[in-house]
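I'd like to ask some things about the structure below.
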Amino acid sequence: MKLDLAEGFVHAEAGEQAADIIRKCVHCGMCNAACPTYRLTGNELDGPRGRIYLIKSMLEEGGANRDVTRHLDRCLTCRACETVCPSGVEYGELVEIARPKLQRRSLYQTMLRTSLMALASRPRVFRRAFRAGLALRALAPKRFRRLLSAPPASTSPKSPLRSPTRASSMRIILLDGCVQGAVTPQVNASLANLLASAGYSVIRIAQETCCGALPLHLGAERRAKRVMRRNLAALAANLDGVEAIISTASGCGVTLKEYGRLLGTEDAKRVSRLIVDASEFLANPNIGIKLRAALPLQSIAWQAPCTLASGMKLGGEIETLLKSVGYTLVPVADANQCCGSAGTYSIFEPDMANALREKKLQNLQADDPDAIATANIGCQMHLGQASSVPVYHWLELVQLQDD
């Protein structure tokens, strides 16, 4: 795709990076078939190919107009398009470059985005705000009331971390995350105890902050990198002898794996190499952890978060683990389609998010499963608000075989 950068972008690193990505596009349109928003609206500008043209026009004209802003805001950044693109267009990276250049928001939008980013960057403050929100739910704005109306399914309360029960020299950092640490702390508590029972030394980082995913996706690039550097400093100070850094929320994990590219330092690259999703760690045959079912459920509908399947390019590990402990996984049509959560997308684009959720739940519940399992807190909360069956994080469905 031919591209003539406007003067303001010619010598800018971001402009050149975007141009290199856009030039890979061959206009084939295969991406549209995988795009949830294009499938929903049928509008070319709500598909990856159309959005690439909009970004191209922004780079050539020197700025974004209302159409560019509107249709990029409606992008989920699910990256399903990347999985089918024959030319290897890094669409997610392209949108990441374009969003900081979009039109300025209204005062209300600016204040809401700033408030959400401020909360997410301070996990302890977020936990207190979430508890207050639950207590004052009736007074909350409608869009936030929905988020507080259906707490995700829980199998157990948060329990104290056990000491390692077997000798092991392996040290593991287990990340709490912002939202998951507040809303479903039992997920990380369960994994921490599982790892401790299997003999691993589990480290929790008291200074852990937001991974930076939320401001990055909202186009606040400078803020995102500032938050990332603060989180990186907390992690880097604890890396001696660490074999892996485990993330149980795929929305965080996909961003943490990109620290090397986004920040470029040796510490950032080291963290990127050490980051693994919980499923990668537990599915590794060299780890030798044997699991069993934690709940008396028969059939499970598996919902693969976009950040896991398209972002981290992981697939099959969790399904194999769930089957190995005795659960039956029901078939799910259009399994690669986004549920509509997408971080803060369900807050800023509620109509699109709810329409996508309705389609997703129709497919997930078509065979009457006993429960739905996922690997990301955002998906768990979003689906849980409207699902007729419980929605679990998959780690709540397994436990150590010896327990």
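Here the structure is a predicted model, which is why all the values come from computation and not from measurement.
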From CG (Leu102) to CG (Leu218), nearest 0.5 Å: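 Output value for this atom pair is 11.0 Å.
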Can a donor-acceptor pair be found between the side chains of Tyr345 and Asp73 at a distance below 3.5 Å?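 Short answer, no.
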When every non-hydrogen atom of Pro36 is compared with those of Cys78, the smallest separation belongs to CD-SG, 3.7 Å
Judged by atom type as modelled, is there a donor-acceptor pair below 3.5 Å linking the side chain of Thr69 to the main-chain atoms of Asn65? yes
Are the side chain of Ser57 and the backbone N or O of Leu54 linked by a donor-acceptor pair below 3.5 Å?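 Yes: the side chain of Ser57 pairs with the backbone of Leu54.
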For Leu214 versus Met117, what's the shortest heavy-atom pair and its separation?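 Shortest heavy-atom contact: CD2-CG, 3.3 Å.
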Are the side chain of Thr248 and the backbone of Asn188 linked by a donor-acceptor contact shorter than 3.5 Å?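 Checked: no pair found.
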Any heavy-atom pair between the side chains of Ile300 and Pro369 that's under 4.5 Å?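 They are not in side-chain contact.
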Is the closest basic N to carboxylate O distance between Asp240 and Arg171 below 4.0 Å?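 Looking at Arg171 together with Asp240, the answer is no, because their closest N to O distance does not fall below 4.0 Å.
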Evaluation steps, side-chain hydrogen bond (donor to acceptor under 3.5 Å, both in side chains), between Thr374 and Gln303: CA-CA 5 Å; Thr374 187; Gln303 189 265 338; 2.5 Å; yes
Is a side-chain donor or acceptor of Tyr327 paired with a backbone partner of Leu397 at a separation under 3.5 angstrom? yes
I'd like to know if the side chain of Ser272 pairs up with that of Glu258 as donor and acceptor (distance under 3.5 Å, no hydrogens or angles considered).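 Judged by distance alone, the side chains do not pair up.
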Going through the distances and angles, do Glu221 and Arg99 end up as a salt bridge (charged side-chain N to carboxylate O under 4.0 Å, His left out)? CA-CA 9 Å; Glu221 181 182 23; Arg99 280 184 169 146; over 6 Å; no
Sequence neighbours excluded - side chain to side chain donor-acceptor pair (under 3.5 Å) pairs with any residue from residues 28-38: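 For residues 28-38: Asn32-Glu44, Thr37-Arg51.
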Taking all non-hydrogen atoms of both residues, which atom of Gly264 and which atom of Ala268 are closest, and how far apart?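 For Gly264 and Ala268, the tightest heavy-atom pair comes out as N-CB, 4.4 Å.
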Starting at SG of Cys379, measure out to CZ of Arg357 and round the result to the nearest 0.5 Å. 12.0 Å
Going through the distances and angles, do Leu282 and Leu194 end up as a side chain to side chain contact (heavy atoms under 4.5 Å, CB included)? CA-CA 10 Å; Leu282 294 178; Leu194 186 156; 4.2 Å; yes
Between Pro390 and Asp370, the two heavy atoms sitting closest are CD-O, 3.5 Å
Might you work through the side chain to side chain contact (heavy atoms under 4.5 Å, CB included) test for Asn376 and Leu308, ending with a clear yes or no? CA-CA 8 Å; Asn376 192 49; Leu308 186 80; over 6 Å; no
Mind checking the CD1-CZ spacing from Ile275 to Phe281? Nearest 0.5 Å is all I need. 12.5 Å
Exam field: side chain Thr41 to backbone Asn43, donor-acceptor pair closer than 3.5 Å: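 Flag set: sc Thr41 to bb Asn43 pair under 3.5 Å.
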Taking side chain as C-beta onward, heavy atoms only, is Leu400 less than 4.5 Å from Asn193?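 Of all side-chain heavy-atom pairs linking Asn193 with Leu400, none is under 4.5 Å.
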How far apart are the closest heavy atoms of Ser250 and Thr307, and which atoms are they?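 Heavy-atom minimum between the residues: OG-OG1, 2.6 Å.
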Between Lys56 and Glu60 (salt bridge meaning N to carboxylate O under 4.0 Å), is one present in this structure? yes
Do Met228 and Leu263 have side-chain heavy atoms sitting under 4.5 Å apart? yes
Determine, for Phe348 and Arg113, whether the Lys NZ or Arg CZ falls below 6.0 Å from the six-membered ring centre while staying within 45 degrees of the axis.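 Judged by the rule, Arg113 and Phe348 form a cation-pi pair.
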Do Asn284 side-chain atoms and Glu280 backbone N/O form a donor-acceptor pair below 3.5 Å?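 Flag not set: sc Asn284 to bb Glu280 has no pair under 3.5 Å.
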Contacts of Cys81 that satisfy side-chain contact (heavy atoms from CB on, under 4.5 Å) - sequence neighbours left out: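 In terms of side-chain contact (heavy atoms from CB on, under 4.5 Å), with neighbours along the sequence ignored, Cys81 is linked to Cys31, Pro48, Tyr91.
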Within this structure, what is the CG-CG distance for the pair Leu361 and Leu383, rounded to the nearest 0.5 Å?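 That separation rounds to 5.0 Å.
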Hey, does the side chain of Gln337 reach the backbone of Ala335 with a donor-acceptor pair shorter than 3.5 angstrom?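 Side chain of Gln337 to backbone of Ala335: no pair is present.
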Give the intermediate values and the outcome of side chain to side chain contact (heavy atoms under 4.5 Å, CB included) for residues Leu59 and Lys101. CA-CA 9 Å; Leu59 295 173; Lys101 320 295 182 189; 6.0 Å; no
Can you check side chain to side chain contact (heavy atoms under 4.5 Å, CB included) on Leu45 and Tyr53, steps first, answer last? CA-CA 8 Å; Leu45 298 182; Tyr53 275 108; 5.8 Å; no
Say whether, by atom type as modelled, one donor and one acceptor occur between the side chain of Asn231 and the main chain of Val227 under 3.5 angstrom.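 Not confirmed, Asn231 side chain does not pair with Val227 backbone.
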Please check this pair: side chain of Tyr259 against backbone of Arg229, looking for a donor-acceptor N/O pair closer than 3.5 Å.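 Answer holds: no.
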Straight-line distance of Leu116 CG to Ile347 CD1, nearest 0.5 Å: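 Separation between the atoms: 5.0 Å.
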Verify the distance criterion only: is there a donor paired with an acceptor across the side chains of Gln365 and Ser388 at less than 3.5 Å? yes
In terms of heavy-atom contacts, does NZ of Lys313 have more than 12 from other residues, nucleotides or ligands at under 6.0 Å? yes
Quick one: does Val89's side chain get under 4.5 Å of Ile21's, heavy atoms only?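 Yes, close enough: below the 4.5 Å cut-off.
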Do Gln380 side-chain atoms and Val391 backbone N/O form a donor-acceptor pair below 3.5 Å?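 Such a contact is found between Gln380 side chain and Val391 backbone.
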Closest heavy-atom pair, Cys25 versus Ile52, reported as atoms and distance to 0.1 Å, is SG-CD1, 4.2 Å
When you look at Glu93 and Gln17, which way does the side-chain hydrogen bond (donor to acceptor under 3.5 Å, both in side chains) test go after all the steps? CA-CA 9 Å; Glu93 187 176 338; Gln17 288 175 344; 5.2 Å; no
Cut-off 3.5 Å, side chains only: do Ser247 and Asp277 have a donor facing an acceptor? no
How about Met30 and Pro86: do any of their side-chain heavy atoms sit closer than 4.5 Å? yes
Is any side-chain heavy atom of Ile246 less than 4.5 Å from a side-chain heavy atom of Leu175?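 No, too far: nothing below the 4.5 Å cut-off.
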Lys/Arg-Asp/Glu bridge criterion (N-O < 4.0 Å) met for Arg230, Glu208: no
Going from CG on Leu76 to CE on Met352, what distance comes out if it is rounded to the nearest 0.5 angstrom? 7.0 Å
